[in-house]
Amino acid sequence: MEVDYLIIGSGLAGISFAETCLLHHKKIMVINNASQNSTTIAGGLYNPIVLKRFTKIWEAEAQLAITIPFYKNLETKLGTTFLYEIPLFRKLNNIEEQN
Ligand SMILES: Cc1cc2nc3c(=O)[nH]c(=O)nc-3n(C[C@H](O)[C@H](O)[C@H](O)COP(=O)(O)OP(=O)(O)OC[C@H]3O[C@@H](n4cnc5c(N)ncnc54)[C@H](O)[C@@H]3O)c2cc1C
């Protein structure tokens, strides 16, 4: 079988690339073994703030503009919900942080 992309690993990276390929009508083959399990045990948290400095991560808006529709499409495709927006609280350590 002829494919456009052979994807080794179906963790978060492999799945994201595979889904992107399918969105672009590419033929793919995915090969996965069970040697690693980061994706299946991860907390699943994405956070646009560097908590240490309270600044946005690199290209936060651009990254979220891609990430959120991508996962929403995946939810629709799979008929499930896994994207939950939750508020982020930061405990203020001192008066300088408060100001
Ligand atoms: C406890 C824990 C909690 C985490 N929580 C978060 C979090 O809240 N938020 C966050 O953003 N990140 C989190 N992470 C990090 C995140 O899980 C990883 O960065 C991400 O899952 C990595 O995805 P990946 O596809 O690169 O790798 P993996 O998930 O490791 O997927 C790689 C896949 O390739 C397979 N594979 C490897 N070699 C071969 C081969 N030769 N042939 C075939 N298949 C192969 C592996 O078996 C695996 O299935 C967490 C990680 C851990 C360990």
Side-chain angles (χ1 to χ4, degrees):
M1 188 175 82
E2 196 173 306
V3 296
D4 296 307
Y5 294 98
L6 176 61
I7 301 169
I8 311 298
S10 66
L12 202 49
I15 291 169
S16 300
F17 186 66
E19 286 298 326
T20 303
C21 288
L22 295 177
L23 283 172
H24 291 86
H25 311 291
K26 300 294 180 190
K27 285 187 192 161
I28 59 170
M29 179 184 283
V30 181
I31 296 174
N32 187 61
N33 66 22
S35 62
Q36 306 292 319
N37 61 0
S38 287
T39 294
T40 51
I41 63 174
L45 184 76
Y46 66 90
N47 168 26
I49 303 289
V50 180
L51 293 174
K52 193 174 176 185
R53 299 186 192 89
F54 215 32
T55 53
K56 286 181 188 170
I57 59 161
W58 177 76
E59 300 280 354
E61 280 91 357
Q63 292 202 59
L64 291 179
I66 295 169
T67 304
I68 292 170
F70 179 83
Y71 284 126
K72 280 191 190 292
N73 280 339
L74 212 48
E75 283 185 328
T76 305
K77 180 177 175 179
L78 298 174
T80 187
T81 305
F82 50 78
L83 197 59
Y84 301 95
E85 286 190 23
I86 54 172
L88 195 63
F89 294 101
R90 174 175 170 154
K91 188 177 171 185
L92 301 174
N93 282 321
N94 50 44
I95 198 75
E96 285 78 24
E97 277 190 5
Q98 185 181 329
N99 292 337

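Counting convention: from 1, in listed order, for ligands and their atoms alike.
- Proximity to Leu12 (heavy-atom distance under 4.0 Å) selects the following atoms of ligand 1: 23 (O), 25 (O).
- Atom 26 (O) of ligand 1 has its nearest heavy-atom neighbour, among Ala42, Ser38, Ala13, Gly43, in Ala13.
- A donor-acceptor distance shorter than 3.5 angstrom exists from the side chain of Thr39 to the backbone of Leu12, with no hydrogens or angles considered.
- Inside a 4.0 Å radius of atom 15 (C) of ligand 1 there is not any protein heavy atom.
- Below 3.5 Å of separation, one finds an N or O of Gly44 facing an N or O of ligand 1.
- Counting only heavy atoms from C-beta outward, the side chains of Val30 and Phe17 never approach each other to under 4.5 Å.
- In this structure, CD on Gln63 lies 11.0 Å from CD1 on Ile68, to the nearest 0.5 angstrom.
- The closest protein non-hydrogen atom to atom 34 (O) of ligand 1 is Gly9 CA, 3.1 Å.
- Counting only heavy atoms, the protein gets under 4.0 Å from atom 8 (O) of ligand 1.
- Using a 4.5 Å heavy-atom cutoff, the side chains of Leu92 and Phe54 are not in contact.
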Under the criterion side-chain contact (heavy atoms from CB on, under 4.5 Å), I'd like the reasoning laid out for Leu83 against Tyr46: C-alpha separation, chi angles, the key distance, then a yes or no. CA-CA 10 Å; Leu83 197 59; Tyr46 66 90; 3.6 Å; yes
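- Residue Thr39 holds the heavy atom nearest to atom 20 (C) of ligand 1 of all those in Ile31, Thr39, Ile7, Asn32.
- Ring pair Phe82/Tyr71 is perpendicular by interplanar angle, where above 60° counts as perpendicular and below 30° as parallel.
- Residue contact check: Gln36 has heavy atoms under 4.0 Å from atoms 30 (O), 46 (C), 47 (O), 48 (C), 49 (O) of ligand 1.
- Atom 30 (O) of ligand 1 lies below 4.0 Å from at least one non-hydrogen atom of the protein.
- Proximity annotation for atom 42 (N) of ligand 1: of Asn33, Val30, Ile15, Asn33 comes nearest, heavy atoms only.
- Of the possible polar contacts, none joining the Asp4 side chain to the Ile28 backbone as a donor-acceptor pair under 3.5 Å is found.
- Comparing Ser16, Ser35, Ala34, Gly11 by heavy-atom distance to atom 38 (N) of ligand 1, the nearest is Ser35.
- In terms of protein heavy-atom proximity, atom 10 (C) of ligand 1 is closest to Leu45 O, 3.5 Å.
- Taken to the nearest 0.5 Å, the NZ atom of Lys77 stands 7.0 Å off from the CG atom of Leu74.
- For the pair Lys56/Glu61, a side-chain contact is recorded, criterion being any heavy-atom separation below 4.5 Å from C-beta on.
- The single protein non-hydrogen atom nearest to atom 53 (C) of ligand 1 is Ile41 CD1, 3.9 Å, given as residue, atom name and distance.
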